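Chain naming here is simple, since letters A, B, ... match the order of the sequence lines and numbering starts at 1 in each. Bear in mind that the values here come from a model prediction, so they are computed numbers and not experimental data.
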Protein chains: 2
Amino acid sequence: MSQTLSAMVGLRDLILSGELLPGERISENLVAQRLNASRTPVRAALMRLASEGLLDPIPSGGFTVRAFTERDVIDAGEVRGSLEGLAARLAAERGVSSDTLNRLRDAVQGIDGLFASEDPHFDVKSYIAFNRIFHDTIHAASDSAILRRQIDQLMSLPFASPSAFIEADDSRPILRTILIVAQEQHRAVLEAIEQRQSARAEAIMREHAQNSVRYLLKVKGQAQQLRLKPNGTVIHFRQRA
Amino acid sequence: MSQTLSAMVGLRDLILSGELLPGERISENLVAQRLNASRTPVRAALMRLASEGLLDPIPSGGFTVRAFTERDVIDAGEVRGSLEGLAARLAAERGVSSDTLNRLRDAVQGIDGLFASEDPHFDVKSYIAFNRIFHDTIHAASDSAILRRQIDQLMSLPFASPSAFIEADDSRPILRTILIVAQEQHRAVLEAIEQRQSARAEAIMREHAQNSVRYLLKVKGQAQQLRLKPNGTVIHFRQRA
DNA sequence: ATTGCACAGTCTGTATACAGGAGTGGAAAT
DNA sequence: ATTTCCACTCCTGTATACAGACTGTGCAAT
């Protein structure tokens with residue numbers, strides 16, 4: 001792998017694991033030592049993470065880790081709803097290939113399979129995989145490079161992905177209910193796209209995106225930090241300004 | 001100014017003026033010579049322009065100038081409609097300061113002033129300025145850092161800004177009609193925000209964004225290139241895939 | 001004529017050296 | 001004690017050297 005790429009994942013880990021705290025200036029030298037790289041690829045990684053929105057540039061030079069507020073999580077949900085809603089609408093308006101329809105049906109059926117038994121310990125990993133396929137397929141089905149870029153940009157934020165809320169907390173009984181509702185929305189979006197009901201596709205997709213945020217915030221509760229992944233990935237929140 | 005900044009504007013000029021053609025690989029050395037800089041700041045500029053979407057990374061290394069299709073222009077209009085619509089809705093839902101309202105009213109009144117006389121040779125430059133203030137103020141009024149980032153990202157594309165279509169062709173008689181309609185939409189959006197009619201604000205703003213695209217495409221006609229600025233700025237289109 | 005291969009030129013990615021500037025801490029003066 | 005000024009250190013931005021990879025050309029073989 002290129003030094004720049006590995007510096008990117010290394011830096012992201014340092015940030016998401018909380019070893020680099022929000023607000024403090026990031027020293028290129030320290031990071032370079034820490035990751036066994038020279039400053040050049042580290043600089044490249046810093047610039048890319050800044051363009052992703054994970055870092056804030058300091059006017060006088062350098063970067064700090066960006067702090068996110070609860071408001072940012074809500075807003076990301078709104079934006080995701082708008083963009084994914086647009087993707088679903090465009091897919092419905094422009095029409096999709098039978099290949100695309102099949103991929104969507106497979107994803108929906110895959111999730112149905114997970115919920116076939118009443119067992120509350122369903123396969124969360126598989127749900128995330130199927131869910132990802134469903135959403136990615138719709139993004140692609142919009143057939144819009146511009147839109148896909150915007151969505152990718154947004155999803156690079158650790159709390160903006162369609163599955164972020166699942167990774168945050170997988171206490172099964174509640175989660176199962178939530179996901180069954182979500183799955184019903186998947187089915188409705190698929191049907192709307194099949195029948196070229198673009199407004200319906202957009203509206204449901206928008207609602208679908210915001211549901212996850214609502215759950216994510218419920219999970220978050222009063223905590224100052226949001227633990228996003230089993231391995232300890234953490235997002236630090238600051239109080240609202 | 002920093003070398004990186006001036007390399008960015010220099011590179012953007014080289015691209016938009018058509019001296020670097022879409023598809024061809026950009027040589028860091030040539031650009032560095034051309035701009036009297038070393039490769040390091042040129043590389044930084046290349047990376048930033050790539051993150052803006054103006055350049056395409058080549059898998060084997062380096063970048064090419066990105067070619068845009070007519071479809072991209074349409075899609076940018078859809079995305080802009082969604083994002084600015086969301087901004088208007090959030091502004092209406094969350095409420096705006098009287099300071100913000102005043103800025104919006106000033107912008108609208110400013111444009112009214114331009115159309116006060118029947119003279120078809122109204123002040124296009126001023127219109128663009130007022131229009132920009134109006135839109136920027138609404139983006140800020142959404143009070144959402146996440147959304148503003150997304151909008152800024154989109155607007156960095158040369159054909160996605162609210163005034164792109166004006167700069168493309170300012171044949172006055174038609175333009176005047178178009179802009180009077182646009183101004184009526186400004187007024188309606190302002191009123192909707194004042195009265196916290198969020199759905200109305202969103203819908204009108206969305207339509208407003210797409211109107212400009214429609215006009216831009218009409219101007220474009222059959223041409224292979226789209227001249228975006230009086231100084232010769234050009235966007236190259238390729239045939240749809 | 002076409003295809004495959006080898007070689008050379010060029011380019012990118014990386015490392016490192018250097019200079020200017022920003023931030024910090026301490027000391028001195030009020 | 002507080003504030004201001006100065007000096008020092010660290011850091012970023014930039015230039016440049018170097019190595020490996022890739023591309024394109026030309027020649028040879030089929």
Requested in this report: State plainly whether the residues B/R206 and B/E78 are in salt-bridge range, i.e. N to O under 4.0 Å.
Outcome: no
Query - Straight-line distance of B/R12 CZ to B/I15 CD1, nearest 0.5 Å - result: 8.5 Å
Query raised in the report: Can you tell me how far P of C/dT16 sits from CD of A/Q33, to the nearest Å?
Result: 12 Å
Query raised in the report: Which nucleotides of nucleotides 10-15 of chain D have their base under 4.0 Å from a protein heavy atom (B), which only their sugar-phosphate (S), and which neither (-), written as one string 5' to 3'?
Result: -SBBBB
Query raised in the report: With a 4.0 Å cut-off, would you call A/E93 and A/R89 a salt bridge?
Result: yes
Requested in this report: Measure from the side-chain N and O atoms of A/S82 to the backbone N and O of A/V79, and report whether any donor-acceptor pair falls under 3.5 Å.
Outcome: no
Query - Interface residues of residues 44-52 of chain B with DNA chain D (non-hydrogen, below 4.0 angstrom) - result: none
Requested in this report: Please determine, by modelled atom types, if A/S163 and A/N131 share a side-chain donor-acceptor pair under 3.5 angstrom.
Outcome: yes
Query raised in the report: Does the distance from a Lys or Arg side-chain N to an Asp or Glu carboxylate O, for A/D152 and A/R148, drop under 4.0 Å?
Result: no
Requested in this report: Establish, from distance only, whether the side-chain atoms of A/Q150 and B/Q153 form a donor-acceptor pair under 3.5 Å.
Outcome: no
Report task. Please identify each residue that fulfils salt bridge (Lys or Arg N to Asp or Glu O under 4.0 Å) with B/E84, with sequence neighbours left out. Result -> B/R80
